[in-house]
Structure formats: C-alpha cells, structure tokens
Asker: 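Take a look at the following structure, please.
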Amino acid sequence: MAGLNGARERRVRTGGIELCVAELGDTDRPTVLLVHGYPDSKEVWSEVAVRLAEEFHVVLYDVRGHGRSTAPVPLRGGFTLEKLTDDFLAVADAVSPDRPVHLVGHDWGSVQAWEFATVQRTEGRIASFTSMSGPSLDHFGHWIKQRMTRPTPRRIGQLLGQGAKSWYVYMLHTPVLPELAWRGPLGKRWPKVLERVEKVPAGDYPTSSLPDDAAHGAWLYRDNVRARLGRPRPDAYAHVPVQLITPTGDAFLSERLYDDLGTWVPDLTRRTLPAKHWVPRTRPDQLSAWIAEFVRANEDAAARAPKPVAAKSDVKPEYAERFGGQLVLVTGAASGIGRATAFAFAEAGARVVAVDRDAEGAVRTAEMARLIGAPEAWGETVDVADEQAMEQLAAKVAAEYGVVDVLVNNAGIGLTGSFFATSGEEWKRVLDVNLWGVIHGCRFFGAQMTARGQGGHIVNTASAAAFQPSRALPAYSTSKAAVLMLSECLRAELADQGIGVSAICPGIVNTSITATARFAGVTDAAEEKRRQQKASRLYGLRNYPPEKVADAILGAVLHDRAVVPVTPEARGAHLLSRLSPGALRALARWQPPA
C-alpha cells in the first residue's frame with residue numbers, strides 16, 4: 001500500500017458500496033480517523049498517519065468512488081452528505097465500536113466531517129474534530145446570506161474575494177468536461193502542478209487512481225454545493241470540540257469564511273499556519289503535533305480543563321493562535337533575551353528548540369519551557385560562530401524535529417573599547433558570534449524554509465547600537481549594524497517566498513550580557529571584573545526586562561515587522577537617525593567614564 005507500509009486493511013460494506021479502510025497503531029489506544037479531500041485518496045494522509053500512529057490508533061479510508069473504494073451506481077445522487085455520513089458511521093462502528101473517534105478532515109474531507117460533527121445522529125460517536133481547508137456548507141451558506149442581505153463595502157469585497165477563489169467549483173458543475181480533463185491531460189500533469197504550485201514533495205502521492213478519483217469526486221460538488229448553500233440548515237451547531245487549522249496561503253479559501261464560526265461552535269480552538277492548501281503533504285510535522293495535542297486534551301472532560309499555569313492565561317490569544325504547535329528555534333537561549341523569548345513562545349504553545357553554547361543552560365531553558373506550555377522542547381548545544389557545527393545542528397533539527405517555522409538568531413557577545421584598543425582577535429570574535437552566527441543561522445535554517453516552500457520567519461537580534469554610533473563600541477556597533485542591513489537585504493530576497501525577516505533592536509536591557517562583556521585594552525582581570533559589575537549595576541538600575549523584548553519579537557513575527565526598536569532609548573535613537581543624524585554623531589563623541 002503506497003505510503004502506508006505496515007497498514008492493516010479491511011473492507012467495510014455500507015449502502016451498496018465497499019470502503020477500503022486502513023489502520024495503523026495499537027487498537028487499544030484512542031482512535032484518530034482521517035478523512036481525505038478532493039481529488040485525493042487516503043494516501044494524502046500517509047505522512048501524518050505514520051507520525052500519529054506512534055501514539056494513537058489511526059484509521060484512514062478511501063471516500064466512496066475514490067482509491068480502492070467502490071463507486072455508487074448511478075454516480076448522480078450517490079455522494080450526498082447524508083450518504084457520506086452513513087459511510088463515516090459504518091467505518092467508526094467497524095474500527096472503534098465502543099469508543100468515540102477523533103475526527104480529522106482536510107478539504108472535502110473537512111466539508112463532510114462538518115456534517116458529521118453537526119448532525120444529531122452522530123452524537124456520542126465523535127470525541128473531537130480537527131478541520132482544515134474545508135468549511136461547513138451550512139455555515140458557508142449563512143455567511144453568504146448575511147453578506148447579501150446586509151451588504152457593506154467590506155462584506156461585498158469578501159464575497160467577491162471568495163467568489164474568485166471558488167472558480168474551480170463552477171467548473172466542476174459543468175457536465176462531462178471535468179471528467180474529460182481529469183482522465184486526459186489534467187490527470188497526467190496534476191502531480192507536477194502540485195510540486196510547482198503547492199511545493200508538494202515528489203513521491204508516491206498522488207496515486208495512480210487520481211484520474212478516476214477526480215472524475216468521481218466531481219459529484220461531491222454537484223450533489224451538495226448548490227443545495228446546501230441555497231438552503232443551509234439553521235441548526236448546524238457543532239456538538240463536539242473543534243480545532244480549526246487555517247492555512248494563511250490557501251488559494252481556494254478566504255480566512256474571512258471563518259469570522260463567524262464561534263457562533264456555531266461553542267468549544268472552538270483556532271490555529272493559523274503559514275502554508276498553502278495541501279498541508280497534509282507539505283506540513284505533516286506541524287499537523288501531527290497539533291492533532292496529537294488536541295486529541296490528548298479531549299480524551300476526557302478533566303483533560304479539557306484549563307491547565308493550572310498562571311502564565312498561560314496571560315498569553316495573548318493571537319499568539320496562541322499563530323504560534324501554537326509551531327517549531328521555534330532560539331539561539332542564545334540559556335539566559336537573557338533568548339531565554340525570555342523561548343519562554344514566550346512556549347507559553348503560546350510552540351515547540352521550542354533552545355540553543356546555546358552553555359549546554360546545561362540550554363537544557364534548563366527547555367525543561368522550563370515544557371512546564372510553562374510548550375508541548376515539546378529540546379535543548380541543543382552549539383557555538384553559533386562554528387559554521388560546521390551550525391550546519392550539523394540544522395541537519396539534526398530537520399531530521400529529528402522538523403523544519404523550523406520561526407528562527408530567532410539571538411546569540412551575541414558584548415565588547416567595549418576604542419577602535420585602536422581593540423585587537424584583531426577581539427574584532428574577529430565579536431564578528432564571528434554577532435554577525436557570522438546570524439549568517440550561519442540564516443543560511444542553514446533559512447535554506448530549509450525556502451526548500452519547504454511554505455513560508456516562515458527569521459528574527460535577528462540587532463541593537464540600538466546598529467543606528468547609534470559610539471566611540472566606546474566600534475566593534476559591537478559594527479557587528480549589529482551589519483546584522484540590521486543583512487536583515488533588510490534578506491527581507492527583500494525572501495519576500496516572494498513568504499518568509500518574513502525582522503531585526504529587533506533593543507537598547508539597555510537588564511540581562512547577563514554585561515557579566516560576560518569584554519573590555520578592549522583591559523588586561524587586568526580584577527579591573528575587567530570591576531567594569532563588568534559597574535555595567536551590570538547600570539543595566540540593573542535601568543531594569544528594562546528581557547520579557548518585553550521577547551513580547552516585541554513575537555509581535556514582530558505576528559505582524560511581519562521589518563525593524564523593531566524596543567526600548568524608549570532605542571526608539572528615540574532610531575527616530576533621530578532618520579530626522580537628525582548629526583545629533584547622534586555629536587552624542588557619539590561622548591566619552592563614558594571608566
């Protein structure tokens with residue numbers, strides 16, 4: 001069975017047809033039932049299924065007329081939502097007769113699963129429902145009616161926007177032509193279309209049954225769309241907890257379709273994913289993590305109660321929606337801004353890779369991240385200045401955890417001293433960590449994001465020193481100015497691929513960087529220690545917490561901001577650099593006392 005090696009197969013008879021059902025995992029565990037969309041077969045789920053099978057009993061079936069399931073005769077009238085509900089119940093009764101199943105649907109699999117989750121006769125058979133890229137036709141019908149009966153310029157724009165995205169629905173309602181196209185040139189070229197447009201990896205999907213699957217599946221639209229959109233059910237309320245995963249780059253569905261969903265779903269969890277339509281093939285790692293988390297949370301009523309973590313309630317809803325389950329890697333995560341950033345992403349429900357050359361510190365950050373909300377967190381050790389080590393880390397993270405969704409290049413070191421007092425070796429070390437460390441991270445992790453073709457975000461920690469010259473910080477300021485310009489250049493280069501790049505520019509923040517900062521020209525250890533302690537007291541008196549910088553980082557990713565000065569002095573310096581650079585140059589001549 002292509003893509004589902006080791007799956008157990010059975011046939012389930014219902015309504016005069018036979019459904020091909022595949023099972024993976026231990027049957028004593030909770031059952032996760034995956035329903036595919038159009039023009040797919042169950043193999044679209046193979047990458048997700050094998051991941052979920054490590055923890056759950058996973059069931060997939062070919063929808064009637066698709067894959068290795070038989071087609072109704074005649075086709076017309078054989079694909080109504082009522083008959084698809086009969087099929088679901090037959091499969092659920094066969095694979096999990098004594099326990100409700102956790103339902104997952106994509107595309108038309110989600111459309112029909114909305115029916116399953118909102119009709120009375122399925123109550124008690126579904127424990128939870130995860131929906132992606134497929135709305136309820138009833139909810140869609142009400143959405144259209146609201147915008148037509150109470151039009152505003154905004155609502156009319158939404159209607160026109162979704163109408164343009166639904167061009168293929170009109171085509172599928174034409175007689176004969178869709179069947180001829182799918183069994184002819186379109187069926188042959190479809191795999192290449194998915195590779196080029198959706199960035200779906202080449203392999204054993206789609207299967208050879210695609211032309212027949214697509215031809216039969218046209219009746220899903222013909223049997224249901226016009227009837228339901230014109231006469232939506234008034235009682236289409238979900239009787240199960242629902243997790244909605246919305247790919248922000250979906251070419252077929254507008255995000256606005258789900259604006260009113262809370263009216264119909266009392267228990268709703270929202271997730272957004274920077275990806276295109278075919279997420280089961282392009283983002284199986286992310287989907288598996290979110291599905292598994294949702295299944296665990298809904299296995300019983302007690303598990304659905306809020307976790308007793310005070311910080312969790314303070315998380316902004318938009319952060320949880322945007323970052324929940326995403327893979328975030330933070331360098332310099334053992335302390336300071338890096339540690340606070342790792343925790344902020346963990347509180348938002350992200351999976352976190354905490355990276356630092358301090359192995360114990362990285363592990364401690366990961367352990368705490370798990371306690372405060374990260375479904376998974378790992379500590380990794382690396383010196384960001386080491387190109388080979390960074391390349392190996394990127395390969396390890398991709399192989400063991402997946403492709404990073406958000407990269408935070410935060411590791412850095414401080415160096416104070418005049419230009420001529422700074423040795424060549426000191427210059428090299430500052431640039432190796434502060435600049436080359438960022439370059440290595442962008443090169444290796446950014447290349448993985450680009451190859452995946454589903455977007456992402458890179459955050460580079462620069463500094464207010466990037467645009468505020470200082471006679472006391474020539475090496476440090478140069479390294480941070482280079483990071484700022486690198487970020488601007490990368491932002492321009494990666495924009496077409498949906499990868500955002502942000503430069504974060506804090507001013508004086510109360511972190512431990514002062515305790516490890518070096519002072520050029522100072523050879524006496526006691527004198528260097530005295531200066532470190534003095535700088536630490538100054539930063540402590542300023543007392544600007546790293547948590548505020550972390551919040552700025554999450555906001556920068558959420559809103560795709562280019563340059564983010566964080567502290568008041570950083571914002572002031574950034575403004576002066578634009579309006580009155582001469583004032584900053586005059587200030588740069590000030591000699592701080594030793």
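Computed from a prediction, not measured in an experiment: that's the story for all the values here.
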Asker: With a 4.0 Å cut-off, would you call Glu299 and Arg99 a salt bridge?
Answerer: yes
Asker: Please identify which of these residues, Tyr38, Trp114, Tyr221, Trp219, meets the ring pair (Phe, Tyr, Trp, His ring centres under 6.0 Å) condition with Trp108.
Answerer: Tyr221
Asker: Using 4.0 Å as the upper bound for N to carboxylate O, is an ion pair formed by Arg183 and Glu179?
Answerer: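 Judged by the 4.0 Å cut-off on N to carboxylate O distance, Glu179 and Arg183 do not form a salt bridge.
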Asker: Do Arg283 and Asp405 sit within salt-bridge range, that is, some charged N less than 4.0 Å from a carboxylate O?
Answerer: yes
Asker: To the nearest 0.5 Å, how far apart are CZ in Phe79 and CG in Asn224?
Answerer: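 That separation rounds to 10.5 Å.
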Asker: Out of curiosity, Asp62 CG to Ser209 OG, how far, rounded to the nearest 0.5 Å?
Answerer: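 The CG atom of Asp62 sits 7.0 Å away from the OG atom of Ser209.
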Asker: Checking the side chain of Thr70 only, and the main-chain atoms of Glu18 only, is there a donor and an acceptor separated by less than 3.5 Å?
Answerer: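 A pair under 3.5 Å: yes.
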Asker: Do the side-chain N and O atoms of Thr122 and His239 include a donor-acceptor pair separated by under 3.5 angstrom?
Answerer: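 Judged by distance alone, the side chains do pair up.
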Asker: Does atom CZ of Arg121 have more than 12 heavy-atom neighbours from other groups under 6.0 Å away?
Answerer: yes
Asker: Run Met449 and Val404 through side-chain contact (heavy atoms from CB on, under 4.5 Å) and show every step you take.
Answerer: CA-CA 7 Å; Met449 289 183 190; Val404 169; 4.2 Å; yes
Asker: Determine, stepwise, if the pair Trp190 / Trp278 fulfils ring pair (Phe, Tyr, Trp, His ring centres under 6.0 Å).
Answerer: CA-CA 13 Å; Trp190 187 246; Trp278 262 272; 5.8 Å; yes
Asker: Show, in sequence, the C-alpha distance, side-chain angles and deciding distance for Val406 and Phe345, and conclude whether the side-chain contact (heavy atoms from CB on, under 4.5 Å) test is met.
Answerer: CA-CA 10 Å; Val406 180; Phe345 277 111; 4.0 Å; yes
Asker: Is any NZ, NE, NH1 or NH2 atom of the basic residue among Glu198 and Arg281 found under 4.0 Å from an Asp or Glu carboxylate oxygen of the other?
Answerer: no
Asker: Does the side chain of His139 come under 3.5 Å of the side chain of Asp260 through a donor N or O and an acceptor N or O?
Answerer: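 No pair is found: no donor N or O on one side chain lies under 3.5 Å from an acceptor on the other.
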Asker: Under a 3.5 Å threshold, yes or no: a donor from one side chain and an acceptor from the other, between Glu23 and His57?
Answerer: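 Yes - a donor-acceptor pair under 3.5 Å links their side chains.
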Asker: Can we say Glu82 and Arg228 salt-bridge, meaning some charged N sits less than 4.0 Å from an Asp/Glu carboxylate O?
Answerer: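 Salt bridge present between Glu82 and Arg228.
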Asker: Roughly how far, to the nearest 0.5 Å, is the NZ atom of Lys83 from the CD1 atom of Ile17?
Answerer: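 The CD1 atom of Ile17 sits 9.5 Å away from the NZ atom of Lys83.
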Asker: Any luck finding a side-chain donor-acceptor pair between Thr248 and Thr272 under 3.5 Å?
Answerer: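 Checked: Thr248/Thr272 side chains show no N/O donor-acceptor pair below 3.5 Å.
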Asker: Tell me whether Glu493 at atom CD has more than 12 heavy atoms from other residues, nucleotides or ligands lying less than 6.0 Å away.
Answerer: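 Atom CD in Glu493 is not crowded, with 12 or fewer foreign heavy atoms closer than 6.0 Å.
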Asker: Should Glu255 and Arg270 count as an ion pair when the cut-off is N to O under 4.0 Å?
Answerer: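 Judged by the 4.0 Å cut-off on N to carboxylate O distance, Glu255 and Arg270 do not form a salt bridge.
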Asker: Please check if the distance between the ring centroids of His216 and His66 is under 6.0 Å.
Answerer: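 Distance test on ring centres: not under 6.0 Å, no.
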Asker: Between the side chains of Ser502 and Arg491, does any donor sit under 3.5 Å from an acceptor?
Answerer: no
Asker: If we count only N and O atoms by modelled type, under 3.5 Å, do the side chains of Asp551 and Tyr319 hold a donor and an acceptor together?
Answerer: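 Yes, because at least one side-chain N or O of Asp551 sits under 3.5 Å from a partner of the opposite role on Tyr319.
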Asker: How are the rings of Trp167 and Phe252 set relative to one another: parallel (under 30°), tilted (30 to 60°) or perpendicular (over 60°)?
Answerer: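 Tilted: the ring planes of Trp167 and Phe252 meet at 30° to 60°.
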Asker: State whether a side-chain donor-acceptor pair under 3.5 Å links Ser133 with Asp250.
Answerer: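 Side-chain D/A pair, Ser133 to Asp250: present.
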Asker: Just how far is it from atom CG of Asn409 to atom CZ of Phe445, taken to the nearest 0.5 Å?
Answerer: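 Rounded to the nearest 0.5 Å, the CG-CZ separation comes to 8.5 Å.
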Asker: Begin from the C-alpha positions of Arg233 and Thr118 and carry the test side chain to side chain donor-acceptor pair (under 3.5 Å) through to its verdict.
Answerer: CA-CA 10 Å; Arg233 289 187 295 129; Thr118 58; 2.6 Å; yes
Asker: With a 3.5 Å cut-off and no angle check, do the side chains of Tyr401 and Asp285 form a donor-acceptor pair?
Answerer: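 Looking only at side-chain atoms, Asp285 and Tyr401 do not form any donor-acceptor pair under 3.5 Å.
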Asker: Counting only heavy atoms not in Lys548, do more than 12 sit closer than 6.0 Å to its NZ atom?
Answerer: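 For Lys548, atom NZ is not crowded (no more than 12 foreign heavy atoms under 6.0 Å).
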Asker: What do the steps show when you test Ser288 against Glu47 for side-chain contact (heavy atoms from CB on, under 4.5 Å), and what is the final call?
Answerer: CA-CA 9 Å; Ser288 302; Glu47 294 293 330; over 6 Å; no
Asker: Are the side chains of Leu103 and Thr130 in touch, meaning some heavy atoms are under 4.5 Å apart?
Answerer: no
Asker: Any carboxylate oxygen within less than 4.0 angstrom of a Lys/Arg side-chain nitrogen, looking at Glu43 and Arg68?
Answerer: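 Between Arg68 and Glu43 there is no salt bridge, as every charged N stays at least 4.0 Å from the carboxylate O atoms.
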Asker: Is Glu318 salt-bridged to Arg271, cutoff N-O under 4.0 Å?
Answerer: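 Here Glu318 does not pair with Arg271 in a salt bridge, since their nearest N and O are not under 4.0 Å apart.
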Asker: For the atom pair NE2 (His36) and CG (Asp107), what is the distance rounded to the nearest 0.5 Å?
Answerer: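 Here the rounded value is 10.0 Å.
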